[in-house]
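Note that the numbering runs from 1 along the sequence shown for the chain.
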Amino acid sequence: MTGSKAAVLLLSGGLDSATVLAHLKAQGYSVHALSFRYGQRHAHELLCATSLAKTYQVTSHQIIDIDLGVFGGSALTSDEYQVPKHDDVSDIGAEIPVTYVPARNLIFLSFAVAKAEVAGAREIFLGVNALDYSGYPDCRPDFIAAFAKTANLATRVGQETQANGVAIRTPLIDKTKAEIIALGLSLGVDYGATTSCYDPTPDNRACGRCDACLLRLKGFQEAGADDPIRYVTHADEALTP
């Protein structure tokens, strides 16, 4: 399906992209979802993405295989690094963390632009956030604006339509995690079908101590809601050799 209401969505299976998906469907968009198996240690997110795509009856959902682990440089794609853990969200530092995956959003958005050209979509959505986030440089508004300009210089649709080329939409970028959760709950999002943890257990329980878990838990607390996903308990940790 093509037309002004067709959109491409980067769907990770996380809280933010699930919220954007619910928003798009409520707005009547035909959604082409893209997910990526890129060598991430938390590949459980792809099961969540697949489930969400089915629940919201997206027009298409593709899982694309690329191996960013060949470059290393990130705790999410290389065993050379450990995922940082903290006892409280206030312990998260201001520096770019080792969970940053080099060029990840740059690469993902390039795929999304290609999909948008073929699908006849003029809008690409992603759930990046620049408030309650881990400080990744490829989640900032200035990066998104620069990429959009580059995409329209590099594509046929951008050159042929000029001002009506592909737009990159980030509806959550200036929202706190609590505001995102409140929006999702108002749209009926089942957050139990999402995941955020960077270092889940083999049975897919969230660790509760990585940056993503702590920011998620803080958001639910501030939103006055319970997080429905399963977390490792202190008793579980005590039993770990």
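- For the 3.5 Å distance criterion, the side chains of K5 and Q27 fail to qualify, holding no donor opposite an acceptor.
- The number of heavy atoms from other shown groups lying within 6.0 Å of CD (Q221) does not exceed 12.
- No more than 12 heavy atoms of other residues, nucleotides or ligands shown are found within 6.0 angstrom of CG on D226.
- Tested against L126 for a side chain to side chain contact (heavy atoms under 4.5 Å, CB included), the candidates L9, I168, V20 yield a single pass: I168.
- If you check the side chains of T59 and H32, you find no donor sitting under 3.5 Å from an acceptor.
- Annotation: salt bridge (Lys or Arg N to Asp or Glu O under 4.0 Å) contacts of K25 (sequence neighbours excluded): none.
- Rounding to the nearest 0.5 Å gives a distance of 11.0 Å between CG of L214 and OG of S196.
- More than 12 heavy atoms of other residues, nucleotides or ligands shown are found within 6.0 angstrom of CG on D203.
- Residues I63 and V113 do not share a hydrophobic cluster, defined by chaining ILVMFWY side chains whose heavy atoms lie under 4.5 Å apart.
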inquiry  = Run H86 and R209 through side-chain contact (heavy atoms from CB on, under 4.5 Å) and show every step you take.
reply    = CA-CA 5 Å; H86 309 286; R209 297 180 60 227; 5.9 Å; no

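- Contacts classified as ring pair (Phe, Tyr, Trp, His ring centres under 6.0 Å) and involving residues 98-129 (residues at least two apart or in different chains) are given here: Y29-F125, F36-F108, F36-F111, Y38-F108.
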message = Please determine whether side-chain contact (heavy atoms from CB on, under 4.5 Å) holds for the pair N204 and T195, giving the CA-CA distance in whole Å, both sets of side-chain angles, and the decisive distance to 0.1 Å.
response = CA-CA 9 Å; N204 298 320; T195 184; over 6 Å; no

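- With sequence neighbours excluded, no residue satisfies ring pair (Phe, Tyr, Trp, His ring centres under 6.0 Å) with F147.
- Here the straight-line distance linking atom CD1 of I181 with atom OG1 of T19 works out to 8.0 Å at 0.5 Å rounding.
- Salt bridge annotation for D16-K177: present, with a cationic side-chain nitrogen under 4.0 angstrom from a carboxylate oxygen.
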